There are 2 protein chains.
Amino acid sequence: MRTAHKPRSEMIAETRAKLIAAARRAFATVGYANASMDDFTAEAGLTRGALYHHFGDKKGLFEAVVAQIDTEMCERLNKISSRAKTRWQGFLDENIGYVEMALDPEIQRIVLRDGPAVLGDPALWPNANNCISSLTRNLAALKEEGVVRDMDPDAMARLISGASLYAAQWVANSDDPAATSIKAVKAFRALMEGLLVDGKADA
Amino acid sequence: MRTAHKPRSEMIAETRAKLIAAARRAFATVGYANASMDDFTAEAGLTRGALYHHFGDKKGLFEAVVAQIDTEMCERLNKISSRAKTRWQGFLDENIGYVEMALDPEIQRIVLRDGPAVLGDPALWPNANNCISSLTRNLAALKEEGVVRDMDPDAMARLISGASLYAAQWVANSDDPAATSIKAVKAFRALMEGLLVDGKADA
DNA sequence: TTAATTGACATACGATCCGTATGCAATTAT
DNA sequence: ATAATTGCATACGGATCGTATGTCAATTAA
């Protein structure tokens, strides 16, 4: 009576969002294993009951958090690659953007560190598949256009995302992330230029 | 009285080995988080008391297990690269050997999946540093000899080990690991050949 | 040889934390 | 208005971890 009642579906979406937000904070700061469900649900003004009702278990909520972050990452990457003038440049920028995103401790901890351990191979996550398949399509197109050498685009996409992922971790864990990031990006660019047909960058 | 007494230091080494072996089996099969200390210490004919005495905590024992596996991996890799005729070939073989090792579920689960989540960035593990620095030295030498293009060997070593690590995970999680392994190795070889000065492999 | 001390390991205990089962209250349907 | 659904809280049992303490054998000292 005293509160202006919103529609029920909206209330539900709100509690889901509150749970995801609180869990996201907890996972990012103390890690998945050390995040107490009692603690961060209370922090959201709720209890574990709500969590189990909406997400099944702790892992289910973790999946939702990862999906949210992953979506944000994909959006940023799409923006980056769409700004590029050439496909090759977009391809480069997208991967470099990925490396630089790992400077975000939230991405570092949740997506890169705990994610694979809790959810398994990142390549099998729904959203990661989107990102990798985008990378694969770009590679295939670049091959068609004669920009890069002959290769299996799918396999190469895995290798490249592995290199950038690892570079990201290296950057994030280094003493001087900014400086290391520059070195990593330069080396990554060199590695990618080796894929060009004539060994000359067109940029 | 009834048992022939071995020297005490030997008994201690034995219990340590038994704990590591039992933990290694448990970590490999059910993963770090689901491995019950009560269970696998009992399986070794001991209790958690011995574990805490020797390794401090669960993570300490996990470190010992990882170190053991890591040492074995390094030995295998060194053998591989020492058999090669040229430095470049050894460099290739060593990395390809790394990819193929990931077919071992023990390595897959303990070193590649749970390891980074529990112990952090693999590049900071003592033994992994040995492996990476070996890779770095090889790259630096190859650059000196004019075999590969100009680059920062340290940064490039990270990227390459990332690519091979990720390829390894891809192989291990695929439906047909043997077939995927072939594709991964081929793509990896192509990626590496891009580093050569003239774009021609000398093998 | 015997007494003292160290140390390897077991046992006991308390504190979390998780998952399920149950309960309640508010909304929706009839 | 009554019944059914459902979002969420509460209550309970079980598993696991870390510490604190105990015990007994092996080494060392006297």
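So that the names make sense, note that chain A is the first sequence line, chain B the second, and so on, each numbered from 1. This one's a predicted model, so the numbers in the text were calculated from it and none came from an experiment.
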message: Quick check for you: among D/dT10, C/dA10, C/dA8, whose closest atom lies nearest to any side-chain atom of A/Thr47?
response: D/dT10
message: Less than 4.0 angstrom between a side-chain N/O of A/His53 and OP1 or OP2 of D/dG7, yes or no?
response: yes
[X] has an atom [atom1]; how far is it from atom [atom2] of [N], in whole Å?
X: A/Leu19; N: D/dA9; atom1: CG; atom2: C1'; value: 13 Å
X: A/Phe55; N: D/dC8; atom1: CZ; atom2: C1'; value: 13 Å
X: A/Phe62; N: C/dC17; atom1: CZ; atom2: P; value: 18 Å
X: B/Met11; N: C/dT6; atom1: CE; atom2: P; value: 22 Å
X: B/Lys18; N: C/dA8; atom1: NZ; atom2: P; value: 15 Å

May I have the list of side-chain donor-acceptor pairs in residues 90-97 of chain B shorter than 3.5 Å, sequence neighbours left out?
residue: B/Asp93; atom: OD1; partner: B/Gln89; partner atom: NE2; Å: 3.0
residue: B/Glu94; atom: OE1; partner: B/Ser81; partner atom: OG; Å: 3.4

- request: For residues B/Phe55 and B/Phe62, establish whether the separation of their ring centroids is below 6.0 Å.
  value: no
field: Footprint string (nucleotides 13-24 of chain D, 5' to 3'): B base within contact, S backbone only, - free, heavy atoms under 4.0 Å
entry: ---SBBB-----
Side chain B/Arg48, main chain B/Ala42, donor-acceptor under 3.5 Å: no
task: Write out all pairs satisfying salt bridge (charged side-chain N to carboxylate O under 4.0 Å, His left out) with one or both partners inside residues 98-114 of chain A, taking only residues at least two apart or from two chains.
output: A/Arg24-A/Glu106, A/Arg109-A/Asp114
- prompt: Do A/Asp150 and A/Lys143 sit within salt-bridge range, that is, some charged N less than 4.0 Å from a carboxylate O?
  reply: yes
query: More than 12 heavy atoms of other residues, nucleotides or ligands under 6.0 Å from CZ of B/Arg87: is that the case?
result: yes
